[in-house]
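Here is the naming used below: chain letters follow the sequence lines, and residue numbers restart at 1 for every chain.
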2 protein chains.
Amino acid sequence: MQQRHANLRKLAISTAESRIAECGIQGLKARFVAKEIGCSVGTLYNLFKNIDFLIFAVNLKTLSALETLLKHASTSSTTGAQALRSITNTYINFTLSNPNLWLTLFEHQFTNPDDTPQDYYQLRINLFHILEAQVTDIHPNLSAHDIALESRALWAGVHGICMLNITNKLDDDGYTLNDIATTLISKFVGERKEATP
Amino acid sequence: MQQRHANLRKLAISTAESRIAECGIQGLKARFVAKEIGCSVGTLYNLFKNIDFLIFAVNLKTLSALETLLKHASTSSTTGAQALRSITNTYINFTLSNPNLWLTLFEHQFTNPDDTPQDYYQLRINLFHILEAQVTDIHPNLSAHDIALESRALWAGVHGICMLNITNKLDDDGYTLNDIATTLISKFVGERKEATP
DNA sequence: CGCCTGCATTGAACTGTGTTCACTGAGGAA
DNA sequence: TTCCTCAGTGAACACAGTTCAATGCAGGCG
């Protein structure tokens, strides 16, 4: 039945999600998920063409959750600078609270790139626009092209800091994620740093 | 014999290196390397405790090559700002010329973190100091602590840009790696951007 | 009601890969 | 010559993702 199909799919995604959150992407096994949701591996492969697609569905949920948080951070601030700080802090906190889910967004290479659903790109673009809108607010005199570059540089920078932090290539030397991020962000915002929540 | 042992090890590392360079880390197989260097898998496992250690040896070579390049970039510049641009450009070009080798430096999670040889950390610290020295040169009035933060923010930023670029999460929208990197770096150097080699 | 058909479900089997380990044989010592 | 040692071997094991022939169930038909 179609209903059972849809329910099983949701169940599989939830199971995969918590498994990844707990054990990382390498802890996700087809047999485990199948057993957990009470079906055979064969059925799981009817629900998802392959494991990539299951991971993908989890990634969509992760991106979606992140989008909600970032939108909230963006709209609940009064100034552009404040919003930008709030957005980046929210992002950083998300990576700290959900390291494995966040890592899975990037760690996993799709076997066949053409498989990548369009939703994914769209959602990523949406996220990016939240940031870009605030950069525009801060620098009303910059061209669209420069805004785009500025936003991408900031985004990539924050991304790099979070990535190095989570893969333990950053803070084993005593400088914290938040301090480094604040240093980066202040370059883009122009104001001096403040304490992080 | 000890000699043969050492030779085989070198051969294995070279083979793994070119294999990774060509096919990525997922293209590296124990059986392939063993066959290529003319020994059995068993012997390969006498040379390296496990595949991680082989990958590791390749990573050391990669870091070492990178160090040579960055040192050269650093010393062949006259001003600190010029050196910083040269260093980051060299780094970026390295990631473009050796995407798979560079990715392997970060992509691969050691199964057992305690296995990580000390050399590795040391080499990474060395690389970092090359950058830090130039940041110090540019901002002679900053405290050591601020220099450290500044350097780490810049390094993480460049890293993030390269990573997003290589994993195709950046330039599918028309903004190039070099433009974005230049935008980032100019925030740290203070001068305006110039053409990239 | 019994039979048939289509299709979701199953799980054994296949494939590929890292890793192990009992065996082998070459080379040196006695 | 005989024995010992140990590096080298590759068959075998463990464990994953993935497939597919067989199964059985639900619903329609006579």
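A:S86 meets the side-chain contact (heavy atoms from CB on, under 4.5 Å) test with A:A73, A:S77, A:T90; sequence neighbours excluded. In this view, B:S76 satisfies the side chain to side chain donor-acceptor pair (under 3.5 Å) rule with no residue, not counting sequence neighbours. Taking the side-chain contact (heavy atoms from CB on, under 4.5 Å) definition, one finds that A:K71 meets it with A:E67, A:I130, sequence neighbours left out. Scored by the side-chain contact (heavy atoms from CB on, under 4.5 Å) test, B:E150 finds A:T183, A:K187, B:V135, B:H139, B:L142, B:F188 as partners (sequence neighbours excluded). Judged as a side chain to side chain donor-acceptor pair (under 3.5 Å), and not counting sequence neighbours, the contacts of A:S40 are A:T43. Partners of A:F106 by ring pair (Phe, Tyr, Trp, His ring centres under 6.0 Å), not counting sequence neighbours, listed by chain and number: A:W102, A:H159.
Going from atom NZ of B:K49 over to atom P of C:dT19 covers 10 Å, rounded to whole Å. In this entry the distance linking CG of A:N50 with C1' of D:dG17 reads 9 Å, nearest Å. Nucleotide D:dT18 holds its P atom 11 Å from the CZ atom of A:F53, rounded to whole Å. In this structure, CZ of B:F48 is placed 15 Å from C1' of C:dG18, rounded to the nearest angstrom. Distance B:R9 CZ to D:dG8 P: 14 Å, rounded to the nearest Å. Between the C1' atom of C:dG18 and the CD1 atom of B:I55 lies a distance of 11 Å, rounded to the nearest Å. As rounded to whole Å, 8 Å separates atom P of D:dA7 from atom NE2 of B:H5. Distance, A:L54 CG to D:dT18 P: 11 Å, rounded to whole Å.
Side-chain N/O atoms of A:T43 include one lying less than 4.0 angstrom from OP1 or OP2 on C:dT10.
For DNA chain C, the neighbouring residues in residues 18-40 of chain B, judged by any heavy atom under 4.0 Å, are B:L28, B:K29, B:A30, B:R31.
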Sort me out a list of protein N/O and nucleotides 20-27 of chain D N/O pairs below 3.5 Å, or just none if empty.
none

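Checked against C:dG11, C:dT20, C:dT9, the side chain of B:V41 finds its nearest nucleotide in C:dT20. The side chain of B:N46 approaches D:dT9 more closely than any other nucleotide in the set D:dT18, D:dT9, C:dT19.
Applying the salt bridge (Lys or Arg N to Asp or Glu O under 4.0 Å) rule to pairs touching residues 127-142 of chain B yields B:E132-B:R152, sequence neighbours excluded. Applying the ring-ring contact (aromatic ring centres under 6.0 Å, His included) test to pairs two or more places apart or on separate chains, those with a residue in residues 51-70 of chain B are B:F53-B:F110, B:F56-B:F110, B:F56-B:Y120. Listed by first and then second residue, the salt bridge (Lys or Arg N to Asp or Glu O under 4.0 Å) pairs involving residues 20-34 of chain A amount to none (not counting sequence neighbours).
B:L44 and B:C39 make their closest contact through N-SG, 4.1 Å (heavy atoms, listed as atom of the first residue, atom of the second, distance).
Over its length, the helix from C:dC1-D:dG30 to C:dA30-D:dT1 turns its helix axis by 40°, as judged from the five terminal pairs at each end, rounded to 10°.
When each of A:I161, A:V189, A:I185 is paired with A:T88, the side-chain contact (heavy atoms from CB on, under 4.5 Å) condition holds for A:I185 and for no other.
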